[in-house]
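Note sheet for the following structure.
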Number of protein chains: 2
Amino acid sequence: MRIRPGGQVTLADVARESGVSPATASRALHGGGGRVVGQDLRERIVEVARRLHYVPNAHAQALAGGSTATVGLVVHDITDPYFAAIARGVIAVAAERGALVTVGTTFRSMERELEFVRTFRAQRADAIVLAGSGFEDADYRAAMREELDHQRRTGGGCAVVSEHDLPVPTVLPGNREGAAGLGRALVAMGHRRFAVAGGPPCLTTVRHRIEGFLDALAACGVPLCDVELLDHPFSEDGGRAAARELLDRGSRATALFCVSDVMALGALDVLAAAGVAVPDDLSVVGYNDVPMMRRLVPAVSTVRLDLEAMGRSAMELAVDHGSADAPVVRFPAEVVLRASTAPPAAVPAREGGR
Amino acid sequence: MRIRPGGQVTLADVARESGVSPATASRALHGGGGRVVGQDLRERIVEVARRLHYVPNAHAQALAGGSTATVGLVVHDITDPYFAAIARGVIAVAAERGALVTVGTTFRSMERELEFVRTFRAQRADAIVLAGSGFEDADYRAAMREELDHQRRTGGGCAVVSEHDLPVPTVLPGNREGAAGLGRALVAMGHRRFAVAGGPPCLTTVRHRIEGFLDALAACGVPLCDVELLDHPFSEDGGRAAARELLDRGSRATALFCVSDVMALGALDVLAAAGVAVPDDLSVVGYNDVPMMRRLVPAVSTVRLDLEAMGRSAMELAVDHGSADAPVVRFPAEVVLRASTAPPAAVPAREGGR
DNA sequence: CACCAGGGGGAAAGCGCTTTCCACCCGGCG
DNA sequence: CGCCGGGTGGAAAGCGCTTTCCCCCTGGTG
């Protein structure tokens with residue numbers, strides 16, 4: 001990035017032009033220090049500042065001890081409606097409290113996530129919110145734990161959305177329960193052979209949803225060896241790839257559980273193109289209930305999470321809790337059955353290939 | 001926001017612990033000043049820094065003359081896929097250049113938009129990108145012009161997406177042309193009576209799209225007095241309200257032009273609930289071609305804009321152009337006709353009410 | 001009339017870092 | 001053997017702002 005040269009109007013300029021000291025100018029403009037500046041003097045200084053187009057240097061203010069009013073938000077991908085909704089909640093609460101939100105986009109890279117946290121710490125962010133799923137990696141987890149630990153120890157706040165196994169304030173969406181509910185619902189419909197389109201198992205959220213789903217199936221007496229696990233990226237393209245694998249291997253599954261709505265979207269594209277009828281040939285379910293799901297035809301069964309509220313909650317937890325406590329706020333998951341699920345056809349055999 | 005107390009590890013701590021001066025410590029860690037620190041000494045200092053969990057204070061660095069590597073992005077609403085896509089482009093380019101993006105969400109308030117720009121200036125952002133439509137307000141425009149002027153004059157960059165009538169680098173989506181194309185396409189299909197669901201006319205983008213549409217109709221010989229203008233907020237709810245008004249007044253329009261896809265989404269909801277068949281009873285079109293539109297049933301006709309590329313371009317313009325020039329990069333709009341549009345039925349009379 | 005309280009302003013000390021400008025130590029050269 | 005120049009480390013001057021002291025002036029009080 002280019003280096004900003006000087007040439008800015010400084011407080012000293014305003015002071016000189018007004019014939020007062022920088023101290024007085026600061027007090028007049030910022031009203032600070034519990035001190036009062038004479039009415040007329042202040043008005044004159046404010047007028048001069050306006051005339052000179054004075055803009056205080058936020059870095060200098062922060063350095064000199066003022067508050068920074070900045071929060072760092074880490075997401076995997078801001079175009080994913082899941083993160084957009086959470087971000088909206090975070091931003092709303094931050095705005096209420098007069099803080100600005102800086103967004104770091106990791107594209108699901110552990111390294112980048114850590115780097116963003118470090119950058120936010122360098123900026124002395126008042127709070128850091130991790131919106132994405134954690135990674136199942138010991139090194140990552142230790143490093144992140146240390147970062148957040150220091151963040152809190154030095155008076156900053158932080159919070160995470162989703163299970164991170166970190167001793168910090170946590171917003172916990174119902175991943176296991178929701179997936180389990182979905183599993184039970186599908187079994188109740190008569191399904192016995194399942195496929196699961198999961199993102200990389202290194203994402204905690206993915207693991208929990210899959211485990212919840214499988215546990216429920218097992219509890220219902222479905223032999224897990226019949227469940228096909230399709231391991232593909234946690235994205236729309238990943239969903240597409242999963243569906244293609246399903247078709248290629250000539251799967252006999254009657255229901256496909258995609259661990260996120262965006263994956264379901266991708267899968268549905270491929271299935272439609274291949275002429276697979278949903279739900280007649282295959283029931284498809286997603287997770288999160290992003291706004292699009294209810295509008296598709298057939299409308300997609302999924303699990304509803306109040307994402308914006310989760311974002312709000314995370315932001316509140318981050319700023320309201322000292323380093324001592326690490327509360328966990330659970331958000332319930334609600335199974336929403338729509339037209340993309342139906343009892344399996346009597347003769348569910350299907351040709352593979354594409 | 002809480003005020004961060006000190007208690008942080010500073011460069012001086014690292015220097016003392018390593019038995020060197022702050023100057024040497026700075027050079028060792030940051031490699032700066034075109035100067036070299038002895039190999040072994042540097043390693044020792046780096047090691048000490050790591051052991052102490054030293055995190056440089058970005059504000060101090062910025063103040064002392066280092067670069068800030070920050071860009072400010074102003075959007076109306078980050079959950080709107082239109083802005084999310086643009087944001088993605090901006091963030092991608094910023095990341096390539098090692099900069100962080102701070103997002104300000106205005107919820108379509110002129111005051112907030114100006115305030116964000118001032119805040120970004122205070123942060124000495126390297127670049128400021130305005131992603132949302134400008135407002136048709138002389139005071140706003142003068143104020144914004146002055147802010148951006150100073151931003152550039154002091155070495156910062158800036159760029160706007162959409163028409164702002166500002167002498168700064170501009171990314172110009174084809175609003176008039178796209179809307180005109182849509183209008184011609186509808187007329188060619190046989191439509192003669194139209195309704196337009198527009199956001200508030202104070203948004204330049206809205207005005208241009210409506211004007212482009214009406215101009216095309218007029219050019220095709222459609223009497224404009226027959227065109228019903230529905231003035232509602234530029235949002236999904238606004239689209240809903242527009243559709244309700246359409247129904248309430250027992251409109252005889254055969255085609256509805258929504259100035260944005262999200263408005264179309266809201267309108268389609270209401271129309272579906274009211275039993276209006278699309279496109280048989282009413283053709284509906286949107287604008288922007290956000291990903292959802294092609295998946296709806298019927299798939300929605302709209303105008304495609306490469307939003308992410310627009311974001312990338314805006315970011316590039318912002319950082320690559322000094323205060324002298326104000327290039328304009330045009331992005332073509334492409335009419336995409338899908339199933340939501342069809343020739344009007346022979347007997348288009350329809351009952352109003354709801 | 002001396003004294004004190006308090007309002008209003010200024011001087012100056014940082015905040016943590018970068019970056020000149022110096023000082024020093026060596027080896028090499030005339 | 002005196003000098004010079006390159007390679008290294010340190011001292012110190014800010015960057016622009018806030019805030020603690022400190023000072024002065026005014027006016028009320030004993």
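All chains are named by letter (A, B, ...) in the order of the sequence lines, taking the proteins before the strands, and each is independently numbered beginning at 1. Reckoned from all heavy atoms, side chains included, excluding hydrogens, waters and symmetry mates.
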Legend entry - Shortest non-hydrogen contact between B:Val9 and B:Tyr54, atoms and distance: O-CD1, 3.5 Å

Which of the following nucleotides, [options], is nearest to the side chain of [X]?
{"X": "A:Ala60", "options": "D:dC15, D:dC17, D:dG9", "value": "D:dC17"}
{"X": "A:Asn57", "options": "D:dC15, C:dG9, D:dG16", "value": "D:dG16"}
{"X": "B:Pro56", "options": "C:dC17, D:dA11, C:dC15", "value": "C:dC17"}
{"X": "A:Leu41", "options": "C:dT18, C:dG9, C:dA11", "value": "C:dG9"}
{"X": "B:Leu63", "options": "D:dG16, D:dT18, C:dG10", "value": "D:dG16"}

Legend entry - A:Arg27 (side chain) and C:dG10 (base): donor-acceptor pair under 3.5 Å: yes

Counting only side-chain N and O atoms of [X], is one of them less than 4.0 Å from OP1 or OP2 of [N]?
{"X": "A:Ser26", "N": "D:dT18", "answer": "yes"}
{"X": "B:Gln61", "N": "C:dC17", "answer": "no"}
{"X": "A:Thr24", "N": "C:dG9", "answer": "no"}
{"X": "B:Ser21", "N": "D:dG9", "answer": "no"}

Legend entry - Donor-acceptor contact below 3.5 Å, side chain A:Thr10 vs main chain A:Ala12: yes

Inset, instruction - Indicate yes or no for a side-chain donor-acceptor contact from A:Ser313 to the backbone of A:Ala309 under 3.5 Å, with no hydrogens or angles considered. - result: no

Quickly work out the [X] [atom1] to [N] [atom2] distance and round it to whole Å.
{"X": "B:Leu11", "N": "D:dC15", "atom1": "CG", "atom2": "P", "value": "19 Å"}
{"X": "A:His30", "N": "D:dT18", "atom1": "NE2", "atom2": "C1'", "value": "8 Å"}
{"X": "A:Asp13", "N": "D:dC15", "atom1": "CG", "atom2": "P", "value": "11 Å"}
{"X": "B:Arg124", "N": "C:dT18", "atom1": "CZ", "atom2": "P", "value": "19 Å"}
{"X": "B:Gln8", "N": "C:dG16", "atom1": "CD", "atom2": "C1'", "value": "11 Å"}
{"X": "A:Asp40", "N": "C:dG7", "atom1": "CG", "atom2": "C1'", "value": "13 Å"}
{"X": "A:Leu29", "N": "D:dC17", "atom1": "CG", "atom2": "P", "value": "9 Å"}
{"X": "A:Arg16", "N": "C:dA11", "atom1": "CZ", "atom2": "P", "value": "13 Å"}

Inset, instruction - Evaluate the side-chain proximity of A:Val71 to A:Met315: yes if any heavy-atom separation is below 4.5 Å, no if none is. - result: yes

Inset, instruction - Apply the test side-chain contact (heavy atoms from CB on, under 4.5 Å) to residues B:Leu100 and A:Phe116: give CA-CA distance (whole Å), side-chain angles for both, the deciding distance (0.1 Å), then the verdict. - result: CA-CA 9 Å; B:Leu100 267 187; A:Phe116 276 125; 3.0 Å; yes

